[in-house]
Amino acid sequence: MARTQFSTVTLILIFSAIFLIVFWYGTQIYNVFTHPFFAYNSDEMAYVHEAESFAQNGTLHGVNLLREATARVGDFGTHGFAYAIVNGTLLKINPSQHTMLLFNGVLFILSLIFLFFLPFSLRRRFLMCLCSLLFFYPVIFVISYMQEAQEIFFAMLASILLFYAYSSQEKKKRMMYMISFIGIILLWGLFRASGLLWIVGIIPLAKTKKQMLFFTLIALGGLGLAGIFLGLFYAHDAVTAPPLYHFYQGDIGEFINTLVGRFARNITAVFTAEKAPYVVLYLLFLFASICYFLVRGVLFKNRYSLAIALIGVVLVGAVSFYYSLLEMRILGPLFYLFLVGFFSIRFFLPQLVFVSILIFSFTSAAHTLTVHIGNKQAFTDNYYTHKSTVDSLATILKNFSDTKIITVYIPEPVYTYHYYLYGLPVRTEKGFPMRYSFSYATDMITRHDVIDYVITTIDDNRYKGKNIYQDETIKLLEMRGTNL
């Protein structure tokens, strides 16, 4: 009787907490739809422009290029091609960019629904739902044009399938879940190559030496595929991804040097870089969780725990050498793997610690989101204030009659030109696609043959092209036929 009363009280508390968090999400969504905002930061604009280009031109080439870099295959941009297909299809159905926001929200809701297919008690499933709502990743990304919100869908589904692959008693069901897990991983890899690294989770499923060899080869194939995807289908250069850049240039010595150098900088950054409180908490949680599942897997010979730890080690290791340990867009989805793992254990203490950390994390992330939305709404208001100038510039660009892709170069700092960036067209009046090139490092044009025009401030005299448009803040220079 006492246990039943305890369970009822616990459920009431969980429901109350979920109601409060959902109410908070609701106020943010209401705020967005009563005071809409446009894409603000450079990544958001890249996602939007590439989606618009696919919707209007049927092209998948990169639109907002960093340092004129494009992928070796397909001329894709920094984010590959899959997001452009999904988002561009949405914009074909409904040209409003807010369709992308709605789609992110729908995928997040579906991800929460997946939790209720787990064979856990009702209390645990609702508590997992609460944890998902409290996690900073959806707080920051779902109400934005950052398509990392779609990673939640893949991570949640993969985490649940992995759990079933290890918990099912029937061999046929285990095989079915494992194949489904691999399928989701491969699909996820089309959107973000780091998703393919999760494939190492199948290795502890092996019960014989023959299976171990077979599963290891599959996992190595997945890791190799991730490297191929990154090298061929994503734009990268010596600044954004120096290890891959030097590897594909054939400079193995510099490849190794950049790997070691990036790893050393990442370790230093963990202790010295300025980070949001929720990032610090998540990194601590990440390292502690990997250690917990590794120890549990070894001590209790628990294959599922070993799989979780292995995925965590591979992801953290890859990010440490290749990119940045502070890159939450890659490491954030690991949360859902740990979520299912912790709640598959009946021991209540890890779950309690889990929720406690998330409460502190949520308050920090919620404040960050409020600031971000405020900045985006202010930007949107300023855009409408400058709309006549933006439209004038866009009209000039759209009336270009070139039969090739036009590249407009925009120097650093990009945020100086934000009002104009948002209004830049991706298609000319005669139906030819357009693209834009940015430089975040040297602020120099490095591929002169593909630069047609420069948008710059009125007091920037570095570029000597023909001035074809000017207002009180910016000017548009034609560079063709000019000695740059």
Side-chain angles (χ1 to χ4, degrees), residues 25 28-57 60 62-66 76-111 136-154 191-192 234-235 327-330 332-333 365-366 368-384 390 394 410 414-415 417-426 435-436 438 440:
Y25 272 96
Q28 301 304 311
I29 294 169
Y30 176 79
N31 185 19
V32 167
F33 280 92
T34 54
H35 191 173
F37 61 76
F38 297 140
Y40 175 69
N41 65 45
S42 56
D43 278 350
E44 285 185 304
M45 286 192 179
Y47 284 128
V48 169
H49 276 159
E50 287 172 7
E52 289 179 334
S53 183
F54 180 75
Q56 296 178 32
N57 304 315
L60 289 172
V63 178
N64 293 11
L65 309 180
L66 303 183
F76 308 129
T78 310
H79 302 104
F81 61 89
Y83 286 125
I85 293 175
V86 172
N87 298 327
T89 302
L90 289 172
L91 294 185
K92 281 185 177 181
I93 298 170
N94 183 353
S96 171
Q97 292 174 8
H98 290 94
T99 307
M100 294 168 62
L101 293 178
L102 288 172
F103 185 67
N104 286 347
V106 169
L107 284 184
F108 181 50
I109 292 171
L110 280 176
S111 301
F136 75 85
Y137 200 88
V139 173
I140 296 296
F141 291 128
V142 168
I143 310 177
S144 78
Y145 293 96
M146 296 294 287
Q147 296 313 295
E148 282 71 17
Q150 296 175 19
E151 307 284 311
I152 299 172
F153 177 84
F154 290 111
F191 289 82
R192 188 173 291 275
Y234 291 79
E327 181 50 80
M328 293 295 105
R329 290 181 290 182
I330 296 175
T368 300
L369 176 67
T370 302
V371 172
H372 284 180
I373 289 179
N375 288 338
K376 291 173 183 179
Q377 290 173 334
F379 157 72
T380 304
D381 292 341
N382 285 326
Y383 166 82
Y384 282 118
V390 175
I410 304 169
V414 171
Y415 287 99
Y417 311 89
H418 251 186
Y419 309 131
Y420 310 100
L421 295 188
Y422 181 78
L424 294 179
V426 296
R435 71 197 318 174
Y436 304 92
F438 308 85
Y440 291 135

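When a residue number appears, it is its place in the shown sequence, counting from 1. The figures here come from the full heavy-atom set of this structure, side chains too, leaving out hydrogens, waters and symmetry mates. All of these numbers come straight from a predicted model, not from anything done at the bench.
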At their closest point, which heavy atom of [X] faces which heavy atom of [Y], and how far apart are they?
{"X": "T380", "Y": "F37", "answer": "OG1-CA, 3.2 Å"}
{"X": "V139", "Y": "L369", "answer": "O-CD2, 3.2 Å"}
{"X": "Q150", "Y": "L107", "answer": "CG-CD1, 3.6 Å"}
{"X": "A84", "Y": "L60", "answer": "CB-CD2, 3.9 Å"}
{"X": "V426", "Y": "V63", "answer": "CG1-CG1, 4.1 Å"}
{"X": "N31", "Y": "T34", "answer": "O-OG1, 3.2 Å"}

Which distance, rounded to the nearest 0.5 Å, do you find between the [atom1] of [X] and the [atom2] of [Y]?
{"X": "M146", "Y": "H79", "atom1": "CE", "atom2": "NE2", "answer": "6.5 Å"}
{"X": "D43", "Y": "T78", "atom1": "CG", "atom2": "OG1", "answer": "8.0 Å"}
{"X": "I143", "Y": "Y25", "atom1": "CD1", "atom2": "OH", "answer": "7.0 Å"}
{"X": "T99", "Y": "N104", "atom1": "OG1", "atom2": "CG", "answer": "11.0 Å"}
{"X": "F153", "Y": "F103", "atom1": "CZ", "atom2": "CZ", "answer": "8.0 Å"}
{"X": "L424", "Y": "N64", "atom1": "CG", "atom2": "CG", "answer": "8.0 Å"}

Side chain to side chain contact (heavy atoms under 4.5 Å, CB included) assessment of Q28 paired with V142: CA-CA 11 Å; Q28 301 304 311; V142 168; over 6 Å; no
Expected output: side-chain S53 to main-chain E50 donor-acceptor under 3.5 Å: no
Quick check: do [X] and [Y] have side-chain heavy atoms less than 4.5 Å from each other?
{"X": "F191", "Y": "V86", "value": "yes"}
{"X": "Y145", "Y": "M45", "value": "no"}
{"X": "F76", "Y": "F81", "value": "yes"}
{"X": "R192", "Y": "E148", "value": "yes"}

Worked verdict on E151 versus F141 for side chain to side chain contact (heavy atoms under 4.5 Å, CB included): CA-CA 10 Å; E151 307 284 311; F141 291 128; over 6 Å; no
Steps toward side chain to side chain contact (heavy atoms under 4.5 Å, CB included) verdict (Y137, I152): CA-CA 8 Å; Y137 200 88; I152 299 172; 3.6 Å; yes
Plane angle bin for Y83 and Y47 - parallel if under 30°, tilted between 30 and 60°, otherwise perpendicular: perpendicular
